[in-house]
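Note sheet for the following structure.
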Amino acid sequence: MDRLNTLRLRTPEGIAFSHTLASPVARLFALSIDLLTILLIWRILSKFLAGVALASPTLATFLQMIILFVMFFVYFSFFEYKWRGQTPGKLAMGLRVMDQRGLKLRTTQILARNLLRFVDMLPFFYTVGGIAALTTRQGQRLGDLVAGTVVVRNRLQAEPDVTQIMGGKYNSFRQHPHLEARLRQRTDSEIPELALSAILRREEMEADSRRRLFAEFAEYFRSVSDFPEETTLGLTDEQFVRNAVDTIYNAGRRPDPRDVRPPPIS
């Protein structure tokens, strides 16, 4: 089956975006880094097992199998959950796991793809997984096929100049730098890009579709960082999203005088 080099997705509102699929070579290098990391951890634990082997070789063998299983499963699952689809190896190679439909990566998907990892490893060093990745259109091993995930390259691109999206309006989020920092830190990398695309193409959407789309974006951003009511009072969903996108992409810009309001007169 012919492989695709690019994963192309389109939201129901017509916003299109694409990702470059990770090559088998890049995934192999990332896996090698992760396996070396696991090996270092294993060398520390093996000192404990050596003592157990002196007392009971059978028990030591049993514990070795259990510990190896737990190490592999916990290592990959923990980092992919904590680092949003990345392990140390994937981070070093600029790769990450994502939902194949472009949705938010769920915990159940992470657990499923890593449980199936032990099948992909059969009969030795990912033979089954390697064959699956080479023959499926999106380079998916069995764990990816079951979990509905793909491995893609992180896009390295300059952050867009989004000063124009505010139209000279005041961004009330600037009053709370710590909440802005939380918003930048916790937001999934794809969401700001989709939100920016929606803002720039808002005139092409039907009014009802636009309202629903910005309501979904606003709900997501609110769940990431809860700004005080006085900061968001009177903001429509679209204005809320504009503030969030401006905050994320313009993190390093110098403060604008309009971003500092005088305290209210008591």
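All values below come from the heavy atoms of this structure, side chains included, with hydrogens, waters and symmetry mates left out. Since we're looking at a predicted model, the values are computed, not measured.
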Under 3.5 Å, which donor-acceptor pairs do the side chains of residues 72-79 form with other protein atoms, sequence neighbours left out?
| unit_1 | atom_1 | unit_2 | atom_2 | d |
| --- | --- | --- | --- | --- |
| Tyr75 | OH | Asp34 | OD1 | 2.6 |
| Ser77 | OG | Phe73 | O | 2.8 |
| Ser77 | OG | Asn114 | ND2 | 3.4 |

Give the cluster check for [X] versus [Y]: same hydrophobic cluster or not, with ILVMFWY residues linked at side-chain heavy-atom distances below 4.5 Å.
X: Ile44; Y: Ile67; result: no
X: Leu115; Y: Leu68; result: yes
X: Met121; Y: Ile66; result: yes

Just do the side-chain contact (heavy atoms from CB on, under 4.5 Å) check on Ile199 and Phe214 with the steps written out, would you?
CA-CA 9 Å; Ile199 292 170; Phe214 281 108; 3.8 Å; yes
Trace of the side-chain hydrogen bond (donor to acceptor under 3.5 Å, both in side chains) decision for Glu193 with Tyr249:
CA-CA 9 Å; Glu193 181 181 347; Tyr249 281 122; 5.5 Å; no
The side-chain hydrogen bond (donor to acceptor under 3.5 Å, both in side chains) partners of Gln109 (sequence neighbours excluded) come to Asp99
Answer yes when Asp226 and Arg222 have at least one side-chain N-carboxylate O distance shorter than 4.0 Å, and no when they do not.
no
For the backbone of Ser225 and the side chain of Arg182, can you confirm whether one donor and one acceptor N or O come within less than 3.5 Å of each other?
no
Does Thr232 use its side chain to pair, donor to acceptor, with the backbone of Leu235 at less than 3.5 Å?
no
With ring pair (Phe, Tyr, Trp, His ring centres under 6.0 Å) as the rule and sequence neighbours excluded, what pairs involving residues 173-205 come up?
Phe173-Phe227, Phe173-Phe240
Does anything in residues 92-146 pair up under ring pair (Phe, Tyr, Trp, His ring centres under 6.0 Å), and if so which pairs, sequence neighbours excluded?
Phe69-Phe118
Assess the residue pair Asp120 and Arg117 against the criterion (salt bridge (charged side-chain N to carboxylate O under 4.0 Å, His left out)); give the C-alpha distance rounded to whole Å, side-chain angles, the decisive distance to 0.1 Å, and a yes or no.
CA-CA 5 Å; Asp120 282 309; Arg117 183 179 297 278; over 6 Å; no
Could you measure the distance from the [atom1] atom of [X] to the [atom2] atom of [Y]? Nearest 0.5 Å is fine.
X: Glu206; Y: Arg211; atom1: CD; atom2: CZ; answer: 12.0 Å
X: Arg141; Y: Ile131; atom1: CZ; atom2: CD1; answer: 14.5 Å
X: Glu238; Y: Leu213; atom1: CD; atom2: CG; answer: 9.5 Å
X: Asn171; Y: Gln239; atom1: CG; atom2: CD; answer: 11.0 Å
X: Arg113; Y: Thr149; atom1: CZ; atom2: OG1; answer: 4.5 Å
X: Thr87; Y: Leu91; atom1: OG1; atom2: CG; answer: 8.0 Å

Less than 4.5 Å apart, side chain to side chain, heavy atoms only: is that true for [X] and [Y]?
X: Thr20; Y: Asn5; value: no
X: Leu21; Y: Arg153; value: no
X: Ile191; Y: Phe217; value: yes
X: His19; Y: Thr6; value: no
X: Asp144; Y: Val150; value: no

Going through the checks in order, is the side-chain contact (heavy atoms from CB on, under 4.5 Å) test met by Arg84 and Arg96?
CA-CA 8 Å; Arg84 299 176 184 173; Arg96 70 182 181 88; over 6 Å; no
Evaluate the criterion side-chain contact (heavy atoms from CB on, under 4.5 Å) for residue pair Arg27 and Lys90; output intermediate values, then yes/no.
CA-CA 8 Å; Arg27 293 183 67 171; Lys90 291 185 179 71; over 6 Å; no
Can you confirm whether Glu230 is buried at CD, in the sense that more than 12 heavy atoms of other residues, nucleotides or ligands lie under 6.0 Å from that atom?
yes
Minimum heavy-atom separation for [X] and [Y], please, with both atom names.
X: Leu134; Y: Pro24; value: CD2-CG, 3.7 Å
X: Tyr220; Y: Ser223; value: O-OG, 2.5 Å
X: Leu179; Y: Pro228; value: CD1-CD, 3.6 Å

With side-chain contact (heavy atoms from CB on, under 4.5 Å) as the criterion, how do Lys169 and Arg242 come out once you've worked through the C-alpha distance, each side chain's angles and the decisive distance to 0.1 Å?
CA-CA 10 Å; Lys169 295 181 180 179; Arg242 286 176 183 268; over 6 Å; no
Would you mind listing the cluster partners of Ile33? Hydrophobic ones only (ILVMFWY), side-chain contacts under 4.5 Å, chaining allowed.
Val25, Phe29, Tyr81, Met93, Leu95, Val97, Leu105, Ile110, Val151
Establish, from distance only, whether the side-chain atoms of Gln140 and Gln100 form a donor-acceptor pair under 3.5 Å.
yes
Just distance, no hydrogens or angles: give the donor-acceptor pairs under 3.5 Å from side chains in residues 45-54, sequence neighbours left out.
| unit_1 | atom_1 | unit_2 | atom_2 | d |
| --- | --- | --- | --- | --- |
| Ser46 | OG | Trp42 | O | 3.4 |
| Ser46 | OG | Arg43 | O | 2.7 |

For Arg174 and Asp246, what are the C-alpha separation, side-chain angles and deciding distance, and is it a salt bridge (charged side-chain N to carboxylate O under 4.0 Å, His left out)?
CA-CA 10 Å; Arg174 301 290 178 190; Asp246 176 63; 3.0 Å; yes
